[in-house]
There are 2 protein chains.
Amino acid sequence: MKTGAAGIACGAVATDPQRDSARNVQVVQALGARIVGGSLAPGTSIPIEEELVAELGVGRSAVREGVKVLAGKGLLETRRSAGTIVRPRESWNLLDADVLSWRFEPDPTPDDIRVLADLRVALEPGAARVAAERADAAAVRRIDEALAALFATADDPEPFIEADLAFHKAVFAAASNDLLLYIYDMISIALRSVRQVHTRSVAHNKETLPGHERVAQAIRRRHHRKAEEAMRTVVEVARADAEQHVRLCC
Amino acid sequence: MKTGAAGIACGAVATDPQRDSARNVQVVQALGARIVGGSLAPGTSIPIEEELVAELGVGRSAVREGVKVLAGKGLLETRRSAGTIVRPRESWNLLDADVLSWRFEPDPTPDDIRVLADLRVALEPGAARVAAERADAAAVRRIDEALAALFATADDPEPFIEADLAFHKAVFAAASNDLLLYIYDMISIALRSVRQVHTRSVAHNKETLPGHERVAQAIRRRHHRKAEEAMRTVVEVARADAEQHVRLCC
DNA sequence: GTTAGTTTTTCATCAGATGAAGTGATCGCC
DNA sequence: GGCGATCACTTCATCTGATGAAAAACTAAC
């Protein structure tokens with residue numbers, strides 16, 4: 001059940017035959033999932049190196065490398081003679097691709113879903129506004145292409161989700177802001193993990209099309225106020241859907 | 001292609017070597033700064049382990065641990081027999097605290113400053129809106145306290161900057177969204193690095209006080225529309241200031 | 001009960017050996 | 001001469017052993 005892909009994710013290249021066998025990645029995955037999953041609580045010590053070697057069936061080098069990677073993500077802190085302790089949650093790199101996966105992949109809590117939906121409401125309208133301010137012709141074209149793909153896939157749930165993510169990404173890309181785009185990439189990782197929440201009826205998919213079209217049109221016309229408003233409508237509908245879904249099934 | 005000389009030069013960088021005696025951290029800092037700084041370009045190979053051992057004066061374990069940490073941050077990728085290469089910028093964990101420091105601390109480019117100012121414009125109004133929706137009494141109190149500190153320090157540039165950062169952080173904290181708060185923590189790292197841009201005259205500091213007060217008041221009254229508008233005014237003023245500063249001094 | 005000194009634990013670091021997986025060059029064949 | 005297969009080489013991957021250092025835990029003296 002281990003998806004080695006999360007290890008050093010986001011790569012454009014799909015040819016990575018050795019990643020599964022990388023011992024240090026194995027350690028990172030095992031410990032990272034336990035920490036973020038909650039079975040290794042902040043403030044407590046993880047097993048000592050020797051025990052991890054025995055438990056995970058790898059050498060000390062692999063354990064040390066893995067622990068150092070997790071320390072780099074803010075999850076662990078090593079202290080001489082005092083063991084390695086799990087750092088408080090406030091220290092974690094919450095927008096690290098791996099940390100996000102460990103959080104959202106197993107079974108996101110209702111609160112995780114709320115956090116994600118709120119984040120979109122907080123972020124996407126503003127991003128659409130800046131996109132309208134900064135978009136060049138090529139960026140507008142890419143948004144229009146993504147919009148066309150959205151219309152074309154409205155009948156297929158799975159492709160529609162991908163097209164939806166691609167549309168929102170195109171909007172973020174139009175803002176010419178690599179930090180903003182990075183944030184959306186992380187959001188999309190989380191969204192993909194909770195996509196069952198967003199898998200709605202085909203009719204529902206089609207209902208979101210006009211909203212997306214208004215966003216694209218506003219950006220095309222560099223109308224930042226309208227772009228923001230249109231995007232707010234889209235993400236607030238998504239948030240309402242998510243809340244309803246949580247209420248119904250949890 | 002010889003990087004030895006550059007390595008020595010980089011070693012002269014002021015990073016107190018006493019306090020931070022951890023060898024792997026030394027490796028992470030040295031290589032990370034070079035990569036983000038641009039002297040090790042994406043697609044190129046870094047020196048082989050043996051050379052790094054000689055150049056950095058540490059053992060192989062330290063080099064390997066450091067390289068693995070940077071791989072975990074998306075900066076490097078190791079391939080058997082093919083060396084370790086710098087990954088494309090799109091793969092970097094741009095919102096990692098270290099990566100941000102390496103980017104903004106030496107001398108942020110005008111474009112970096114634009115990216116940061118745009119990010120605030122895109123993000124903070126929406127965050128203030130969600131804060132107005134979600135803030136509880138304690139969060140409102142903390143915002144008011146931060147506002148009071150802002151008024152109290154308006155005459156001292158350095159404390160005022162800290163109070164300013166604390167105020168904006170209190171707003172983000174009120175949104176009860178750890179991802180959003182994490183994003184602001186990273187923004188504040190970058191803001192602290194470019195604070196000379198934000199160090200204005202005392203009179204200018206005082207001009208920003210009414211705007212901040214409007215934000216606090218709107219959140220206190222749970223008026224999310226007004227909170228958003230007030231925050232937009234604040235960050236757009238900051239953006240205009242930054243643009244002007246860049247024009248004047250660069 | 002406190003304190004000073006000692007022991008133990010645990011990570012930190014280096015070094016060596018072996019292995020694996022690509023890279024590239026050599027060499028034979030046609 | 002062109003082409004392909006073999007083979008040596010490069011470089012990271014991994015394990016292991018040894019030594020050191022720092023902090024915690026323990027002990028004994030007062």
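From a predicted model like this one, the values you see are computed outputs, not experimental measurements. A note on names: the letters A, B, ... follow the listed sequences, proteins ahead of strands, and every chain is numbered from 1.
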- Query: Of all of residues 83-90 of chain A, which get a heavy atom below 4.0 angstrom from DNA chain C, listed by number?
  - Reply: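 Listed by number, they are A/G83, A/T84.
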Which residues pass the salt bridge (charged side-chain N to carboxylate O under 4.0 Å, His left out) test with [X], sequence neighbours left out?
X: A/R34; result: A/E55
X: A/D178; result: B/R89, B/R103
X: A/E90; result: none
X: B/D118; result: A/R134, B/R114, B/R239

Residues two or more places apart in sequence or in another chain: which of them pass side chain to side chain contact (heavy atoms under 4.5 Å, CB included) with [X]?
X: A/E162; value: A/L165, A/R192
X: B/V69; value: A/K68, B/V28, B/K73
X: A/S91; value: A/R87, A/P88
X: A/R141; value: A/A138, A/E145

- Message: Restricting to ring pair (Phe, Tyr, Trp, His ring centres under 6.0 Å), what partner residues turn up for A/F104, sequence neighbours left out?
- Response: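 Testing A/F104 for ring pair (Phe, Tyr, Trp, His ring centres under 6.0 Å), a comparison that skips the adjacent residues, returns none.
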Figure out the [atom1]/[atom2] separation between [X] and [N], and round it to whole Å.
X: B/L76; N: D/dT11; atom1: CG; atom2: P; value: 16 Å
X: B/R79; N: C/dT23; atom1: CZ; atom2: P; value: 8 Å
X: A/Q26; N: D/dA13; atom1: CD; atom2: C1'; value: 13 Å
X: B/L56; N: C/dT13; atom1: CG; atom2: P; value: 13 Å
X: B/I48; N: D/dC9; atom1: CD1; atom2: P; value: 16 Å

- Can you tell me how far the CZ atom of B/F160 sits from the CG atom of B/L150, to the nearest 0.5 Å?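 Going from the CZ atom of B/F160 to the CG atom of B/L150 covers 4.5 Å.
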- Query: Could you write nucleotides 14-23 of chain D as a row of B, S and -, 5' to 3', where a protein heavy atom under 4.0 Å of any base atom gives B, of only sugar-phosphate atoms gives S, and otherwise -?
  - Reply: BBBBB--SBB
- Query: Between the side chains of B/T109 and B/D112, is a donor N or O closer than 3.5 angstrom to an acceptor N or O?
  - Reply: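 Present: a donor and an acceptor within the cut-off.
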Polar pairs (N or O, both sides) under 3.5 Å between protein and nucleotides 4-8 of chain C?
none

